[in-house]
Chemist: 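Input: one structure, supplied below.
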Amino acid sequence: MSIDEKEEKKDFIREIIDEDLKTNKFQGRIHTRFPPEPNGYLHIGHAKSINLNYGIAKQYGGKFNMRFDDTNPSKEEQEYVDSIVDDVRWIGGDFEDRLLYASDYFDKMYEWAVQLIKAGKAYVCDLSGDEIRDTRGTLTEPGKDSPYRNRSIEENLDLFERMRKGEFPNGSKTLRAKIDMAAPNVNLRDPIMYRILHESHHRQGDKWCVYPMYDWAHGLEDSIEGITHSICTLEFENHRPLYDWFIDQLGIYHPQQIEFARLNLTYTIVSKRKLLQLVQEKHVSGWDDPRMPTIVGFRRRGYTSESIKVFCDKIGISKKDSIIDVAMLEWSIREELNKTAQRANAVLNPVKVILTNYPEGQVEELQAVNNPEDESAGTRIVPFSREMYIEQEDFREVPPPKYFRLSPGKEVRLRYAYIIKCEKVIKDDKGNIIELHCTYDPTSKSGTPTANRKVKATIHWVSAPHAVSAEVRLYDRLFLKENPDETEEGKTFLDNINPNSLQVLTQCKLEPMLGAAKPGERFQFERMGYFCADIKDSKPGAPVFNRVVTLKDTWAKIEQKDIKR
RNA sequence: UGGGGUGUAGCCAAGUGGUAAGGCAGCGGCCUUUGGAGCCGCCACUCCCAGGUUCGAAUCCUGGCACCCCAGCCA
């Protein structure tokens, strides 16, 4: 990276950090964290956050913590913990040995709660959930003080202790901060610090039956870990006064909370609840379905972590609510794979071609370039014979205007091979094309001095006797609408699911080399797109490929336009 | 209608009183044995609106408008 690039734009958070460094606010330390709740799988929005937090730590020579905000046992599971750790590592967030859990701080938090009670800043409240809601007031009207607000410190201490011991049922009591029931910010109207939850915690077991609420817990977690910049999303902006209040009342180390806009993508949903619903109602095959915007989904689809990082860097950081065009994400993976992916020939929807003037039984070994963007990738040998497969869409019996590919009487080049001419179309009784009889021009062999005749198009092909059969899964956007949540009366985002988001092709014909593809290996199938051998289902000898993303398709655009005219 | 935020191109996003970067998308052209890639060019007389200050305003002031978030014992 050049100096210019290094000094390139700073987002507003880095500007704040630069200022803090200048004023020595945190004695020159930089320490960030990624604090997910283990109640679901990570998605692309989390990738943005990890990239931001880890990126800052790395850039400034600071530290980055992985911390589970596991304060609600009723929603959290070990399965999620495991997957999240895996995902953060895959994205490249290096937390070294700092895999931390908020639940490990429960004792300290409890102590601090006692400290607040002793300071007269917290009280045990017997109001029910409904009563608390009813007395909270509205956005425009102040709330009413709880009748339990002025219990004695001794009574509060006793009650809170008994809450912890399990003497009271769920929902019967809470510990509340004594702030201001008339505060214009409703978060400050005596917020709940602890609720009673007789439930087993995935790490703490049955040690606790009172669990801290987010607002109470989060700042304490940051403070304990010595976080300098606690970066979160915009919806927590309203909570910052509370974050600050708790820390200030306790008089403990005070990190700075900064909020930024969460990521939204067109044609995509990033809501843990809705993602869960897609999985549970089996609209997708699981959290790692290649159509899911989850990290595991992208990973299985064939995205690289580098491309996701590039994407995150590209979109920037701000406080503006935004919806990023998913084309930017697609661009980032194309950009990388164009430079790195080995090229290959694969016919997805085959139609057989017979070269009537090519000697029967003859096989030629042709040389193909592995990656025109990278000379060091070298070349490989592909077999050529009398019978081959080409793509159905590379032949039109009645070619539309500007169609350069094969049609009766027309010529086209077979990539790395010969120019062929379509002489005859063979159909079955129903009129389906089953074979194309062509002739080849022996003087047109690629690489020979007489090969330079120009034809309008070059198409890919796979020699029939050498072809490897494979399953290829064509993925498309999961939703039909840019904003899947935009629905008519009575409909939901589920009604916007793209019924054609997955097309499974089982009769694909691949060049021999592809038969040995290792799971996770990526290729460009020339003229078709980028494909990745499925990490679960693909086996050497029996490959299964996922389409990561198509190539840009100029012809499709031309044809679309002409159809509209 | 209380409080907290945000408004720069179709989508992101720089810009911090000196005359609107960049990327994605789109549109032309060149090149091409991938209709890919690459290369060249075009794409905001104007920054939500209206006033004001100033020699000069996207930037400062005043007043509007629009959109987002908040009334979980979720995070």
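Quick note on labels: first sequence line is chain A, next is B, and so on, each numbered from 1.
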Chemist: Only pairs with both distances under 3.5 Å count, Watson-Crick or wobble alike; so what is the partner of rA75(B) in this structure?
Modeler: none
Chemist: Report yes or no: is the ring centroid of W555(A) under 5.5 Å from the six-membered base ring centroid of rG35(B), with the two planes under 30 degrees?
Modeler: yes
Chemist: Of all the choices, rC12(B), rG36(B), rG35(B), which nucleotide is nearest to the side chain of N338(A) once you look at every atom?
Modeler: rG36(B)
Chemist: Look only at the side chain of E511(A) and the backbone of N345(A), and say whether a donor-acceptor pair between them is shorter than 3.5 Å.
Modeler: yes
Chemist: For this output row, return yes or no: ring centroids of F12(A) and F260(A) closer than 6.0 angstrom.
Modeler: no
Chemist: Here's a test of your reading of the structure: between T554(A) and L234(A), which maps to the more 5' nucleotide of RNA chain B?
Modeler: L234(A)
Chemist: rG35(B) base to R405(A) side chain: any donor-acceptor pair below 3.5 Å?
Modeler: yes
Chemist: Are K557(A) and rG26(B) close enough that a side-chain N or O sits under 4.0 Å from OP1 or OP2?
Modeler: yes
Chemist: Taking atom C1' of rC24(B) as reference, at what distance in whole Å does atom CH2 of W331(A) sit?
Modeler: 8 Å
Chemist: Answer yes or no: does a side-chain N or O of S318(A) lie under 4.0 Å from OP1 or OP2 of rA13(B)?
Modeler: yes
Chemist: When only distance counts, do a donor and an acceptor, one from the side chain of N238(A) and one from the base of rC69(B), lie under 3.5 Å apart?
Modeler: yes
Chemist: Mapping R240(A) and I459(A) to their closest nucleotides on RNA chain B, which lands nearer the 5' end?
Modeler: R240(A)
Chemist: Please report the distance, rounded to the nearest Å, between CG in L263(A) and P in rC12(B).
Modeler: 11 Å
Chemist: Does rC55(B) adopt a syn or an anti glycosidic conformation, taking syn as a chi angle within 90° of 0?
Modeler: anti
Chemist: For rA66(B), give the paired nucleotide (Watson-Crick: N1-N3 plus N6-O4 or O6-N4; G-U: N1-O2 and O6-N3; both under 3.5 Å), or none.
Modeler: rU6(B)
Chemist: Flag this pair as yes if the NZ/CZ of R522(A) is under 6.0 angstrom from the six-membered ring centre of Y530(A) and inside a 45 degree cone about the axis; otherwise no.
Modeler: no
Chemist: Once you apply the 3.5 Å cut-off to both distances, tell me the Watson-Crick or G-U wobble partner of rG41(B), or none.
Modeler: rC27(B)
Chemist: Counting side-chain heavy atoms from C-beta on, which of rC69(B), rG35(B), rG36(B) comes nearest to P372(A)?
Modeler: rG36(B)
Chemist: If I take atom CG in residue D394(A) and atom C1' in nucleotide rG36(B), what distance separates them, rounded to the nearest angstrom?
Modeler: 14 Å
Chemist: So if I take every side-chain heavy atom of M213(A) and compare against rC74(B), rC12(B), rA71(B), which nucleotide ends up nearest?
Modeler: rC74(B)
Chemist: So, under a plain 3.5 Å distance rule, would you say the side chain of E373(A) forms a donor-acceptor pair with the base of rG36(B)?
Modeler: yes
Chemist: In this structure, how many angstroms lie between the P atom of rA37(B) and the CD atom of E330(A), rounded?
Modeler: 13 Å
Chemist: I want to verify a distance call: between rC73(B), rG15(B), rA71(B), whose nearest atom is closest to the V186(A) side chain?
Modeler: rA71(B)
Chemist: Are any non-hydrogen side-chain atoms of D394(A) and L406(A) less than 4.5 angstrom apart?
Modeler: no
Chemist: Going by an N to O cut-off under 4.0 Å, is there a salt bridge joining R203(A) and D104(A)?
Modeler: yes
Chemist: Grab the CD-C1' distance between E141(A) and rU1(B) for me, whole Å please.
Modeler: 10 Å
Chemist: Please tell me if K561(A) has a side-chain N or O lying less than 4.0 Å from either OP1 or OP2 of rC27(B).
Modeler: yes
Chemist: Need one value for K454(A): base, sugar-phosphate or nothing, where a base atom within 4.0 Å counts as base even if backbone is also close, heavy atoms only.
Modeler: sugar-phosphate
Chemist: Measuring to OP1 and OP2 of rC67(B), would you say a side-chain N or O of K320(A) lies under 4.0 angstrom away?
Modeler: no
Chemist: Salt bridge check: are R547(A) and D476(A) linked by an N-O gap of less than 4.0 Å?
Modeler: no
Chemist: Under the side-chain contact (heavy atoms from CB on, under 4.5 Å) criterion, do I269(A) and L275(A) qualify, and how do the steps go?
Modeler: CA-CA 7 Å; I269(A) 237 151; L275(A) 258 18; 3.5 Å; yes
Chemist: Are any of R189(A)'s side-chain N or O atoms less than 4.0 Å away from OP1 or OP2 of rC70(B)?
Modeler: no
Chemist: With respect to the phosphate group of rA75(B), does any side-chain polar atom (N or O) of R195(A) fall under 4.0 Å of OP1 or OP2?
Modeler: yes
Chemist: Counting only side-chain N and O atoms of T458(A), is one of them less than 4.0 Å from OP1 or OP2 of rU32(B)?
Modeler: no
Chemist: From CG of D126(A) over to P of rC73(B), roughly how many Å is that when rounded to an integer?
Modeler: 16 Å
Chemist: Name the nucleic acid region contacted by Y416(A), choosing base, sugar-phosphate or nothing; use a 4.0 angstrom heavy-atom cut-off, strictly under.
Modeler: base
Chemist: Can you tell me if the side-chain N/O atoms of R136(A) get under 4.0 Å from OP1 or OP2 in rC73(B)?
Modeler: yes
Chemist: Could you tell me the separation between the CD1 atom of I315(A) and the C1' atom of rG22(B), rounded to a whole number of Å?
Modeler: 15 Å
Chemist: Which nucleotide in the list rU16(B), rC11(B), rG36(B) gets nearest to the side chain of E15(A)?
Modeler: rU16(B)
